[in-house]
Amino acid sequence: MRKTGWCAVVDVKYIMFFLGSASHIILWLFYKSLRKRKVYLVSFLIASLLALYAILHTDSPELKSTEKDYWLFLPILFLANFGLLRTLFLIIFGNEPLMTGYRQSSWEQGEYRRLHFGDAFFTILALVVPWLIIISLSYLKILN
């Protein structure tokens with residue numbers, strides 16, 4: 001049976017990849033709003049629904065057994081990682097973490113403290129760890 005419409009152009013696995021990646025990057029860019037408990041919980045609920053959709057969608061005929069990608073887990077992995085890293089940062093350093101850019105100062109972000117290695121580690125780990133988890137599990141074929 002031949003696909004017609006937008007499904008003929010865009011495959012489902014690419015839509016899942018784009019949706020998971022875009023939501024992960026959006027959460028990463030707007031991390032300051034996640035400091036509010038209500039925003040964090042609503043984001044976690046939406047990310048949980050995306051992950052649930054990914055779990056339920058794996059049996060669809062559009063995805064072959066070798067093409068099952070769990071990119072929709074990126075937002076929930078980011079939120080879990082963010083919550084853990086933020087709590088550890090608050091315990092160790094006693095202030096809120098800042099996402100840093102290359103050669104950026106905290107004064108540019110409206111925070112009046114010096115940036116340190118903890119901020120750099122927080123930035124890199126918050127962005128990279130969810131990707132590494134998904135890629136390594138896909139490579140090990142645990143999720144497929």
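Treat the numbers as computed from the prediction; the structure is a model and nothing was measured. The first residue of the sequence shown is numbered 1, and numbering continues consecutively from there.
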Does a donor on one side chain and an acceptor on the other come within less than 3.5 Å for Trp71 and His24? no
About how many Å separate OG of Ser23 and CH2 of Trp28, when rounded to the nearest 0.5 Å? 14.5 Å
Considering all heavy atoms of both residues, which atom of Leu50 and which atom of Leu19 are nearest to each other, and what is their separation? CD2-CD2, 3.8 Å
From Ile25 CD1 over to Phe30 CZ, what is the distance, rounded to the nearest 0.5 angstrom? 11.5 Å
Are any of the side-chain heavy atoms of Phe82 and Phe122 separated by less than 4.5 Å? yes
Restricting to pairs with a member in residues 36-45, which pass side-chain hydrogen bond (donor to acceptor under 3.5 Å, both in side chains), not counting sequence neighbours? none
Strictly distance-based, threshold 3.5 Å: is any side-chain N or O of Ser21 a donor or acceptor partner for the main-chain N or O of Phe18? no
Output for pair (Phe44 CZ, Leu27 CG), nearest 0.5 Å, gives 11.5 Å
Is there a side-chain contact between Thr123 and Leu127 (heavy atoms, below 4.5 Å)? no
Cluster overlap Ile26 with Leu74, hydrophobic side-chain contacts below 4.5 Å: yes
Write down the atom of Gly20, the atom of Pro75, and the distance for their closest heavy-atom approach. O-CD, 4.0 Å
Qualifying side-chain hydrogen bond (donor to acceptor under 3.5 Å, both in side chains) pairs with a residue from residues 74-85, counting only residues at least two apart or across chains: none
Under a single-linkage definition using a 4.5 Å side-chain heavy-atom cutoff for Ile, Leu, Val, Met, Phe, Trp and Tyr, are Leu29 and Trp131 assigned to the same hydrophobic cluster? yes
Side chains of Phe78 and Leu34: closer than 4.5 Å at any heavy-atom pair? yes
Closest non-hydrogen atom pair between Ile55 and Phe73, with its separation: CG1-CZ, 3.6 Å
For a 4.5 angstrom cut-off between non-hydrogen side-chain atoms, does Val129 reach Leu77? no
Measure the spacing between CD1 of Ile76 and CG of Leu45 and express it to the nearest 0.5 Å. 9.5 Å
Heavy-atom closest pair (Leu85 atom, Ala126 atom, distance to 0.1 Å) is CD1-N, 3.8 Å
Cluster link Leu79 to Val39, ILVMFWY, side chain under 4.5 Å: yes
Applying ring pair (Phe, Tyr, Trp, His ring centres under 6.0 Å) to Phe93 and not counting sequence neighbours gives Phe89, His116, Phe117
For residues Arg86 and Arg35, determine if any side-chain heavy atom of one lies less than 4.5 Å from a side-chain heavy atom of the other. yes
